[in-house]
Structures are given as structure tokens and as C-alpha cells.
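Note that these values count all heavy atoms, side chains included, but never hydrogens, waters or copies made by symmetry.
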Amino acid sequence: MARRLRPSPRPSPQRGEGVSENPRPRRGRGQGEGALLLLALLFLLLVPTAAGAQTLDEVVNGVATTYGKIVDLRAEFTQTARNKSLGQDIKAEGIVLLKKGGKMRWDYTSPAPQQIVSDGTSLWVYTPELNQVNKGNAPKALAGPAGSFLSGLGKLREEFTVRFLNPASPRDGTGRPVLDLTPKQPTPLLTRLVISVDPKDYVVRQAVLYDQFQNTVTMTFNKVAINPGLSDTLFVFTPPKDAAVVPLDPR
């Protein structure tokens, strides 16, 4: 997963209805307990969230299995980057393409156009308003599960220590399980990852990345297409002839 990068300078997140009972003859204890048991069973049948919620292992295995089978992925995304010390939020949106083998393409359409492209070997960050391209080594710049989103989630327990964000209430307001992931090999850019997972297909719908300073990048994914058959040519970048090419320092 990539965050919007800052280019280097050029060189120089039933209630039950009340029941009004008419006076009736008192029932025996056995009849009363049977009625209570029946009500309890009906309640369980009417609350699928409580009765059918996945366990942690089921969610983890579901995510790992789903992403283990994904070859490529396309989605629209919205992003909010929060600088904790400044209390500042920067919003962005665009389209992301991912493919196994370290290939990715993030096309930002707002607040300003920017492209982040990796063919698995080289990483390019193109900022049209600066007419500048930053080039770096993709395996180095994208080291760890943050960069290799598909393979990282396909090996969830290998890459992360996993728990529910709130074990007492594992799902968020939309009914999605929320996992709190701690990388076993954290980097300055990724010390924690919180993901909200669709309980039907185990696809990640939201991800919150934390860096070493507790700054966050919250990404929400919409219109997710699994294995659409993306061509490798989509992950090839050729710098514009008149653009300055500057080495990328991923910090």
C-alpha cells in the first residue's frame, strides 16, 4: 500500500417491543421456564450478528485465503492523511491498481494529480505540477507488508501479530470485523495497521496506517474488482521528456 508521497526537491474509522399481558392464570414453574427458553431461542434466531459472528481465526483465515488467491485488484479510493503534531488533515482520492510481483499504480486525481507506479523493480513518483519525477528502487522503497499489500495480507499471521481492535465488540457500525495488526518487522512508515473487512468476501474496505510518530493515513476502498486481468503495461512508467528526474528518498 502506498501513501501519497512528497517529492524530493530538485538538486542545487431490535430492541424488543414491550409486551402488554392480559391477566392470566399463573403457570407452573416448568411452563414459565419453557416460555423463557422459547423467547431466548427466538431472540438468537433474530440476531444473526450475535449468533453468526466470525471468530478471530475465521476472519484471519478468510482474509489470508482471499488475498492468497488474488492476482490483481482494481479499486477507487479516498484517503485522509492526518499529521498528529499539526492536527492537520489532507484529503485525496483516486484509483489504485495492484498486481502480485510488487506491481502497483496509484493515480491521484485530487487534491492535485500525482502518479505512483511500480513495475516491481523501479518505483516512480510523478508530480505534474512540479514537472518532476522521483525514481527509486521498488523492493527497497516498498519493503514490508505496507508496500506489498496483496502478499502481506495473504500471509497475515506471518507478517503481523493479529487481534480484534475491540475484542468485546469485534465489528464496527457497518457490521465489518476490524483487525488490529502489528507488523512483526515494523518500519518507520508502518508501525500499526487497522483494517475493516467485508464479512462476506473478506476484502479489506478500509485501512488505517500508523507511522512511528502516530500520524495516520486512512484509506477507504470502493468498487473493488478482484482479478480483473490487469495488463503489465499498466505498471510501466516512462517519464515525460522535459521532466526532471530526481532520486527518491522514501525517508
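Side-chain contact check for Gln185 versus Thr187: every heavy-atom pair is 4.5 Å or farther apart. Side-chain contact between Asn83 and Phe213 is absent, with no heavy atoms from C-beta onward closer than 4.5 Å. Counting heavy atoms from C-beta on, the side chains of Leu193 and Pro183 never come closer than 4.5 Å. Looking at heavy atoms from C-beta onward, Pro177 lies in side-chain contact with Phe164 at the 4.5 angstrom threshold. Residues Val162 and Arg157 form a side-chain contact, since some pair of their non-hydrogen atoms from C-beta on lies under 4.5 Å apart. Using a 4.5 Å heavy-atom threshold, the side chains of Lys135 and Trp124 count as touching. Inter-residue side-chain proximity for Leu181 and Leu156 is flagged as met; some heavy-atom pair is nearer than 4.5 Å. Residues Lys140 and Leu123 have side chains not in contact (no heavy-atom distance under 4.5 Å, counting atoms from C-beta outward).
The two residues Arg205 and Val224 make their nearest non-hydrogen contact at NH1-CG2, 3.5 Å. Scanning both residues, Asp89 and Arg82, for their nearest heavy atoms gives OD1-NH1, 2.8 Å. Nearest heavy-atom pair across Val178 and Ser196 is CG2-OG, 3.8 Å.
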Next on the checklist: Apply side chain to side chain contact (heavy atoms under 4.5 Å, CB included) to residues Val133 and Phe237 and explain how you reach the verdict.
Outcome noted: CA-CA 10 Å; Val133 178; Phe237 181 82; 3.9 Å; yes
Next on the checklist: Let's go through Thr216 and Val194 carefully: what are the C-alpha distance in whole Å and the side-chain angles of both, what is the deciding distance for side chain to side chain contact (heavy atoms under 4.5 Å, CB included) to 0.1 Å, and is it a yes or a no?
Outcome noted: CA-CA 10 Å; Thr216 60; Val194 177; over 6 Å; no
Checklist entry - Can Lys91 and Thr78 be said to form a side chain to side chain contact (heavy atoms under 4.5 Å, CB included), step by step? => result CA-CA 7 Å; Lys91 298 183 182 296; Thr78 58; over 6 Å; no
Next on the checklist: Go through it in stages, so that I can follow the logic: the residues are Asn215 and Asp211, the test is side-chain hydrogen bond (donor to acceptor under 3.5 Å, both in side chains), and I'd like the CA-CA distance, side-chain angles, deciding distance and then a yes or no.
Outcome noted: CA-CA 6 Å; Asn215 300 313; Asp211 70 10; 3.2 Å; yes
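Looking only at distances, a side-chain donor or acceptor of Ser118 sits under 3.5 Å from a matching main-chain atom of Gly120. Under a 3.5 Å cut-off, the side chain of Tyr67 and the backbone N or O of Val204 do form a donor-acceptor pair. With hydrogens and angles disregarded, a donor-acceptor distance shorter than 3.5 Å links the side chain of Thr66 to the backbone of Asp201. For Thr109 (side chain) and Glu93 (main-chain N/O), a donor-acceptor pair under 3.5 Å exists by modelled atom type. The backbone N or O of Pro199 sits less than 3.5 Å from a side-chain atom of Gln54, completing a donor-acceptor pair. The backbone N or O of Leu98 sits nowhere less than 3.5 Å from a side-chain atom of Asp72 that would complete a donor-acceptor pair.
Checked against Gln206 for a side-chain hydrogen bond (donor to acceptor under 3.5 Å, both in side chains), the options Thr218, Asp198, Thr220 give a single hit: Thr220.
For Tyr108 and Tyr126, the ring centers sit 6.0 Å or farther from each other.
Using modelled atom types and a 3.5 Å distance limit, the side chains of Thr174 and Asp172 yield a donor-acceptor pair.
Applying the ring pair (Phe, Tyr, Trp, His ring centres under 6.0 Å) criterion to Tyr202, with sequence neighbours excluded, gives no partner residue. Partners of Thr233 by side chain to side chain donor-acceptor pair (under 3.5 Å), not counting sequence neighbours, listed by chain and number: Ser231. The side chain to side chain donor-acceptor pair (under 3.5 Å) search around Asn137 returns none, not counting sequence neighbours.
The salt bridge (charged side-chain N to carboxylate O under 4.0 Å, His left out) analysis of residues 226-245, with sequence neighbours excluded, yields the pairs Lys99-Asp232. Each salt bridge (charged side-chain N to carboxylate O under 4.0 Å, His left out) pair with one or both residues in residues 179-194, not counting sequence neighbours, appears once here: Arg163-Asp180, Asp180-Arg192.
Atom CG of Leu153 is separated from atom CD1 of Ile70 by 8.5 Å, given to the nearest 0.5 angstrom. In this structure, CD in Gln114 is found 9.0 Å from CG in Leu130, a value given to the nearest 0.5 Å. With values rounded to the nearest 0.5 angstrom, Thr127 atom OG1 is found 6.5 Å from Asn134 atom CG. The distance from atom CG of Asp119 to atom CE of Met104, rounded to the nearest 0.5 Å, is 10.5 Å.
A salt bridge links Asp107 with Arg105: the closest approach of a Lys/Arg side-chain nitrogen to an acidic carboxylate oxygen falls below 4.0 angstrom.
Under the 4.5 Å side-chain heavy-atom criterion for ILVMFWY residues, a single connected hydrophobic cluster contains both Phe160 and Leu56.
When hydrophobic side chains of Ile, Leu, Val, Met, Phe, Trp and Tyr are connected at separations under 4.5 Å, Phe235 ends up clustered with Ile95, Leu97, Leu230, Leu234.
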